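Working notes for the structure below.
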Amino acid sequence: MTLGMINAHPVVHAKKERVARSEDLHSDDALDALDVFDSVRDIKDPEHPYSLEQLSVLSEESIAVDEKLGRIKITFTPTVKHCSMATVIGLCLRVKLIQSFPPHFKVDINVSPGSLADEEAVNKLLNDKERVCAALENPSLRQLVDECLYSNELYSL
Amino acid sequence: MELLDGELELREIQKLEGHTDRVWSLAWNPAATGVAGMLASCSGDKTVRIWQKGPSGSWNCSSVLEDTHTRTVRSCAWSPSGKLLATASFDGTTAVWEHVGGEFECVATLEGHENEVKSVSWNASGSLLATCARDKTVWIWEAQPGNEFECVSVLQGHTQDVKMVQWHPFLDILVSVGYDNSVKVWTEDGDDDWHCVLTLGEANSGHTSTVWALSFNSAGDRMVTCSDDLTLKIWDTSQNPSETSGDGNGSWSHLCTLSGYHDRTIFSVHWSREGLIASGAADDAIRLFTESKDSLVDQPSYKMLVKKEKAHDMDVNSVQWNMKEPRLLASASDDGTIKIWELSVVSK
C-alpha cells in the first residue's frame with residue numbers, strides 16, 4: 001500500500017434517492033440490478049470516508065444481472081486512472097456479493113473500459129478465484145476489506 | 001479400448017461431506033484398490049481428509065490431517081508406492097505424510113517458496129517431487145533415505161504465478177502451466193541441470209489466458225491442458241521434447257483445440273486409463289470427451305460424450321479418474337463436497 005493518498009481530492013456526489021420497492025411490479029424473489037446495487041452502494045472507499053456510490057465508482061447502471069443463468073456482472077470506475085486501490089475495491093465487491101447472494105450466482109467484476117491504465121491486468125486478477133482466495137487470507141488485506149464493508153464513518157451529504 | 005456400448009452417463013454413487021470450506025484438489029491412492037479404495041482431498045479449511053471405501057461399499061472419512069498447514073491446502077499427491085502423501089499449501093510449505101497402519105504422520109516439511117504453493121507432483125519412480133508457487137518458480141526436490149528431501153533445482157522462466165506441475169507418466173519430463181498463459185516443459189541435462197526445453201505459448205497455438213491444469217494420457221504420447229480461455233487443448237507429446245523450431249519436426253506440438261463446450265473457466269482436466277478426458281469447470285458441470293471414431297492420424301478430433309450439469313452446487317475444482325477402476329470418477333467443489341461417480345450405460 002502506498003503511504004500518500006492516490007487521490008487526495010475526490011469528487012463526491014449526492015447519493016441517489018432510495019426508492020421504496022414494495023410496489024415493484026415484478027416478483028419479490030427475482031434478483032435485479034437494483035438489489036445488487038443496494039448491497040454494494042454503501043461500501044466505503046478504501047481511502048476516503050465516502051461510499052463507492054458517492055464517489056461514482058459504481059452505479060445501478062454498471063450492474064447487470066441474469067437471474068435465469070445465475071450471473072452478476074459488475075463494472076466499476078476507479079476514481080483515478082492509476083489507482084492502486086482498484087484491486088481492493090474489487091475484493092470488497094466480491095466479498096460483499098458472496099455474503100449477500102446465493103452461492104450459485106457467478107460473479108464477474110471488471111473495471112470499466114478505459115478507466116484504468118493496467119485494466120487488463122487488474123481484471124484478470126479480480127476474476128482469478130485462487131488469487132482472490134489467497135489475497136483474502138492475508139490478514140492486513142482482509143482487515144482493510146472489512147473496514148470498507150463495515151465502516152460506520154461515512155459522511156453524508 | 002472397448003468403450004461401453006450405448007449412451008453414457010455419470011451416475012452419482014456417493015456425496016462425501018466433512019470439509020468446512022471449498023475442496024480444491026483430490027488424489028486417488030495408486031496402491032489402494034478395489035475394496036480398499038482410498039482418496040485424499042484438500043481444502044480451504046486447512047485440512048486434508050482421507051476417505052476409504054468400507055466393507056459395506058460406502059465411503060467414509062478415515063483420517064483428518066490437521067494442525068500442520070496454517071492456510072488453505074491447495075493440492076495433494078500420492079507417491080507411486082502409495083505410502084507417502086505430499087500436500088501443498090498457501091502457507092508456503094509442502095508437507096509429506098507417511099501412511100503407516102491407518103495413521104498418517106507428517107514426516108517432512110519442504111520450505112523455500114516465497115509464497116503460496118499451488119501444486120505438487122511425484123515423478124513415476126517416486127525419486128523426485130516437483131512444486132510450484134505464486135513466486136513464479138518451480139522447485140525440484142530429490143527424495144533421500146529417511147524421508148529427507150533435498151532441493152536440487154529452482155526453475156525460473158514463468159513470468160507469473162505457476163498453477164500446476166505434472167510429471168510425464170514414465171519419463172523424467174516435467175510440465176508446468178500458469179497465469180502467464182504458457183505451458184513449459186523441463187528436462188534434465190544430467191547431474192541436476194534442469195532447464196526449460198520448450199514453451200508452448202500463444203504463438204504455438206497455445207492458450208490465451210491462464211492455464212489451470214494439464215493431464216497426460218496413459219501412453220504419455222498425448223497431453224491435454226485446460227484454461228480460463230474456455231478451451232481444452234490436446235498436444236502431441238510422442239517425441240522427445242526439444243527446442244527445435246515449431247515446424248513439426250520432432251517436438252511437442254498442438255493437435256486439437258476443443259472450444260465452444262465451456263462458457264466459464266475450466267479448472268481441472270484428467271485423462272482416464274481408457275482414454276476419456278474429464279473436465280471440471282466454473283459452471284458447476286463435469287464434461288467427458290473422447291477421441292471420435294472418424295479421427296484422422298494427423299488431424300485427430302474429439303467429441304463430448306457426457307455433460308453433467310449441476311454436478312455440484314458451485315464450481316468444480318478438481319476431477320480425478322481412479323486409475324485402477326477406470327469407470328470411477330471423483331470430483332471436488334467450492335460447495336465443500338466431494339462426489340464419487342460411476343460411468344455407466346444409460347438404462348433404457
Side-chain angles (χ1 to χ4, degrees), chain A residues 1 29 31 64-75 86-88 90-91 93-111 113 117-146, chain B residues 21-22 24-25 43-46 69-75 89-92 115-119 133-135 159-164 178-181 208-213 227-229 263-265 267-268 281-285 309-310 312-318 333-337:
Chain A
M1 313 290 170
D29 292 340
L31 191 71
V65 177
D66 184 328
E67 236 240 315
K68 226 182 297 185
L69 276 182
R71 307 266 191 270
I72 296 173
K73 276 178 96 75
I74 291 196
T75 305
T87 45
V88 177
L91 283 178
L93 289 171
R94 233 178 236 292
V95 173
K96 194 72 211 295
L97 291 176
I98 290 168
Q99 289 174 351
S100 311
F101 300 106
H104 71 272
F105 271 95
K106 307 295 179 188
V107 178
D108 291 315
I109 300 176
N110 288 286
V111 294
D118 52 349
E119 90 184 44
E120 246 185 65
V122 171
N123 286 339
K124 190 171 182 177
L125 206 51
L126 290 179
N127 294 292
D128 181 316
K129 180 175 77 178
E130 187 185 62
R131 293 292 287 264
V132 168
C133 279
L136 292 172
E137 283 185 2
N138 173 327
S140 48
L141 191 47
R142 187 70 210 226
Q143 193 185 351
L144 180 55
V145 167
D146 288 344
Chain B
D21 202 311
R22 59 173 31 100
W24 279 110
S25 221
S43 166
D45 66 12
K46 309 176 199 167
H69 287 301
T70 54
R71 284 181 63 178
T72 286
V73 189
R74 178 63 181 86
S75 167
S89 169
F90 282 1
D91 65 13
N115 47 43
E116 301 93 43
V117 190
K118 305 289 174 94
S119 175
R134 180 167 61 89
D135 62 13
T159 57
Q160 294 274 8
D161 180 20
V162 190
K163 298 295 196 188
M164 184 179 188
Y179 193 94
D180 60 8
N181 309 348
T208 54
S209 190
T210 300
V211 188
W212 281 96
S227 167
D228 179 65
D229 69 7
D263 64 349
R264 296 209 57 97
T265 305
F267 287 117
S268 176
D283 64 352
D284 315 344
E309 288 186 6
K310 298 202 196 332
H312 283 273
D313 297 333
M314 292 170 77
D315 292 7
V316 181
N317 295 321
S318 179
S333 167
D334 276 355
D335 65 15
T337 73

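Here the structure is a predicted model, which is why all the values come from computation and not from measurement. So you know, we letter chains A, B, ... as the sequences are listed, proteins then strands, and number each from 1.
Between the side chain of Arg71(B) and the backbone N or O of Ala134(A) there is at least one donor-acceptor pair closer than 3.5 Å.
Of the listed residues Asp283(B), Asp315(B), Asp313(B), the one with more heavy-atom pairs under 4.5 angstrom with chain A than any other is Asp315(B). Ranked by heavy-atom pairs shorter than 4.5 Å toward chain A, the options Lys163(B), Glu116(B), Arg134(B) are led by Lys163(B).
Salt-bridge check for Asp228(B) with Lys124(A): failed, with every basic side-chain N at 4.0 Å or more from each acidic carboxylate O. Between Asp108(A) and Arg264(B) there is a salt bridge, since a side-chain N of the basic residue sits under 4.0 Å from a carboxylate O of the acidic one. Looking at Arg71(A) and Asp263(B), a side-chain N of the basic residue comes within less than 4.0 Å of a carboxylate O on the acidic one, giving a salt bridge.
Nearest heavy atoms, Tyr179(B) versus Leu125(A): OH-N, 3.2 Å. Lys129(A) approaches Asp334(B) most closely through the heavy-atom pair NZ-OD2, 3.0 Å. Of all heavy-atom pairs spanning Asp161(B) and Glu130(A), the tightest one is OD2-OE1, 4.0 Å. Scanning all heavy atoms of the two residues, the minimum distance from Arg22(B) to Cys133(A) falls at NH1-SG, 2.9 Å.
Applying the 6.0 Å contact sphere to NZ of Lys106(A) captures more than 12 heavy atoms from other residues, nucleotides or ligands.
Within residues 95-104 of chain A, the residues having any heavy atom closer than 4.5 Å to a heavy atom of chain B are Pro103(A), His104(A), listed by residue number.
To the nearest 0.5 Å, atom CG of residue Asp128(A) and atom CD of residue Gln160(B) are 10.0 Å apart.
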